[in-house]
K.L.:
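Mind looking over this structure? Questions follow.
Naming convention: chains lettered A, B, ... in sequence-line order (proteins, then strands); numbering from 1 in each chain.
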There are 2 protein chains.
Amino acid sequence: MSTIKPDLHAILDLDRIVHEPARLAILTVLAAAEAVEFLFLQRITGLSKGNLSSHTQKLEAAGFLETLKAFRGRIPVTSFQITEDGRAALHAYHKQLRALLPKEGKP
Amino acid sequence: MSTIKPDLHAILDLDRIVHEPARLAILTVLAAAEAVEFLFLQRITGLSKGNLSSHTQKLEAAGFLETLKAFRGRIPVTSFQITEDGRAALHAYHKQLRALLPKEGKP
DNA sequence: GAAACTAGTTTGTATTGCAAACTAGTTTTG
DNA sequence: CAAAACTAGTTTGCAATACAAACTAGTTTC
């Protein structure tokens, strides 16, 4: 029998903030750009506004992103930027996933 | 800019039954053995009994495992076995994860 | 200046995940 | 041999989500 115990703890220790698919999607987008606007984020994720708003608030509370409020002309525009902590958390999450994935799918 | 959209949908389409860490841990163990007893499962996952019970019930409702009730002497013993559907779901989940992971961590 | 639109937030609800408390029986002990 | 303690698991109650509908605040159009 192979050693599955370490994998198990890797699984159970996954960062729940990042693990939620909606938030993982958000972080994935933010990690690929300097800054991302609310509406762009909404469109490419397909999340509802309310949902997106609360997930970004949760990510901000976790210190994983920063919210930038500005105006384009007179219209308010909210943008997000991933923080260093956010980037670190995303990388750590990726590392955890790699650790728990079996070496190869059946060929 | 690279194509992040497909990854996004892979993320948002993750199977939530499997995605929950406790259940992923359970399926991972079941996939590695013929049959696994309740208490063994509880010990190696570290889940509480109640928690383990409800997660296995959810996995059973999803058709991902079968529950086998038996007696050892006069003591009841509950075991679980992954089903073909369960194995397929786990493999599909692994595949989805591989699809969304960036090619390599920074070397 | 009323109606419709933009950009997001708050609120309400339904679903979870979790462990404490419970059930049903078995073994041990006074 | 009955009370206490243990085994094996389930049910219940609660706190935390995730989600979208309804709302807020302002702007543009008609």
K.L.:
So for atom CD, which belongs to A:Glu66, do other residues, nucleotides or ligands contribute more than 12 heavy atoms lying within a distance under 6.0 Å?
P.N.:
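Counting neighbours around CD of A:Glu66, 12 or fewer heavy atoms of other residues, nucleotides or ligands fall under 6.0 Å, so no.
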K.L.:
To the nearest angstrom, how far is A:Lys49 atom NZ from D:dT24 atom C1'?
P.N.:
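Going from A:Lys49 (NZ) to D:dT24 (C1'), I get 13 Å.
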K.L.:
Contact class for B:Glu20 (heavy atom, under 4.0 Å): base, sugar-phosphate, or nothing?
P.N.:
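Sugar-phosphate, no base atom in range.
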K.L.:
Does A:Gln42 put a side-chain nitrogen or oxygen below 4.0 Å from OP1 or OP2 of C:dA7?
P.N.:
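Checking A:Gln42 against C:dA7: no side-chain N or O falls below 4.0 Å of OP1 or OP2.
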K.L.:
Which one of A:Thr28, A:Leu65, A:Ile17 satisfies the side chain to side chain contact (heavy atoms under 4.5 Å, CB included) criterion with A:Arg23?
P.N.:
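The option that passes is A:Ile17.
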K.L.:
Does anything in residues 64-77 of chain B reach DNA chain C, meaning a heavy atom under 4.0 Å, and if so which residues?
P.N.:
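The answer is B:Arg74, B:Ile75.
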K.L.:
How many Å lie between CD on A:Gln57 and P on D:dA16, as a whole number?
P.N.:
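Rounded to whole Å, this separation is 17 Å.
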K.L.:
In whole angstrom, what separates A:Leu47's CG from C:dG8's P?
P.N.:
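Distance, rounded to whole Å: 14 Å.
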K.L.:
What integer distance in Å separates B:Leu24:CG from C:dT16:P?
P.N.:
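In whole Å, C:dT16 P and B:Leu24 CG are 18 Å from each other.
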K.L.:
Supply the atom-to-atom distance A:Ile82 CD1 to A:Leu59 CG, rounded to the nearest 0.5 angstrom.
P.N.:
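Here the rounded value is 8.5 Å.
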K.L.:
Group every Ile, Leu, Val, Met, Phe, Trp and Tyr by side-chain heavy-atom contacts under 4.5 Å, then state whether B:Leu68 and B:Phe38 land in the same group.
P.N.:
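No.
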K.L.:
May I have the distance from B:Phe40 (atom CZ) to D:dG9 (atom C1'), rounded to whole angstrom?
P.N.:
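These atoms are roughly 18 Å apart.
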K.L.:
Which nucleotide in the set C:dC18, C:dA7, D:dT11 lies at the smallest distance from any side-chain heavy atom of A:Arg16?
P.N.:
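Nearest nucleotide to the side chain: C:dC18.
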K.L.:
To the nearest angstrom, how far is B:Leu52 atom CG from C:dG17 atom P?
P.N.:
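So the CG-P distance, B:Leu52 to C:dG17, works out to 13 Å.
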K.L.:
So if I take every side-chain heavy atom of A:Asn51 and compare against C:dC18, D:dT10, D:dC19, which nucleotide ends up nearest?
P.N.:
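My answer, after comparing the listed nucleotides, is D:dC19.
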K.L.:
Grab the NE2-C1' distance between A:His55 and D:dT17 for me, whole Å please.
P.N.:
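So the two atoms are 9 Å apart, to the nearest Å.
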K.L.:
What's the closest nucleotide to the B:Arg23 side chain, out of C:dG17, D:dC19, D:dA18?
P.N.:
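In terms of side-chain proximity for B:Arg23, the closest of C:dG17, D:dC19, D:dA18 is C:dG17.
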K.L.:
Under the 3.5 angstrom rule, does the side chain of A:Thr83 hit a backbone N or O of A:Gly63 as a donor-acceptor pair?
P.N.:
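Indeed, once roles are kept as given, a pair shorter than 3.5 Å links the two residues.
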K.L.:
Do the ring planes of A:His19 and B:His19 sit parallel (below 30°), tilted (30 to 60°) or perpendicular (above 60°)?
P.N.:
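A:His19 vs B:His19 ring planes: parallel.
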K.L.:
How many Å lie between CD on A:Glu37 and C1' on C:dG8, as a whole number?
P.N.:
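One finds 13 Å between C1' of C:dG8 and CD of A:Glu37, rounded.
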K.L.:
Pairs under 3.5 angstrom, nitrogen or oxygen only, protein versus nucleotides 2-4 of chain C, please.
P.N.:
none

K.L.:
Where the side chain of A:Lys58 is concerned, which of C:dA19, D:dC19, D:dT17 is the nearest nucleotide?
P.N.:
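Of C:dA19, D:dC19, D:dT17, D:dT17 is nearest to the side chain of A:Lys58.
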K.L.:
Who pairs with B:Arg72 by side chain to side chain contact (heavy atoms under 4.5 Å, CB included), at least two apart in sequence or on another chain?
P.N.:
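Scan of B:Arg72 (side chain to side chain contact (heavy atoms under 4.5 Å, CB included), adjacent residues dropped) gives B:Glu37, B:Val77.
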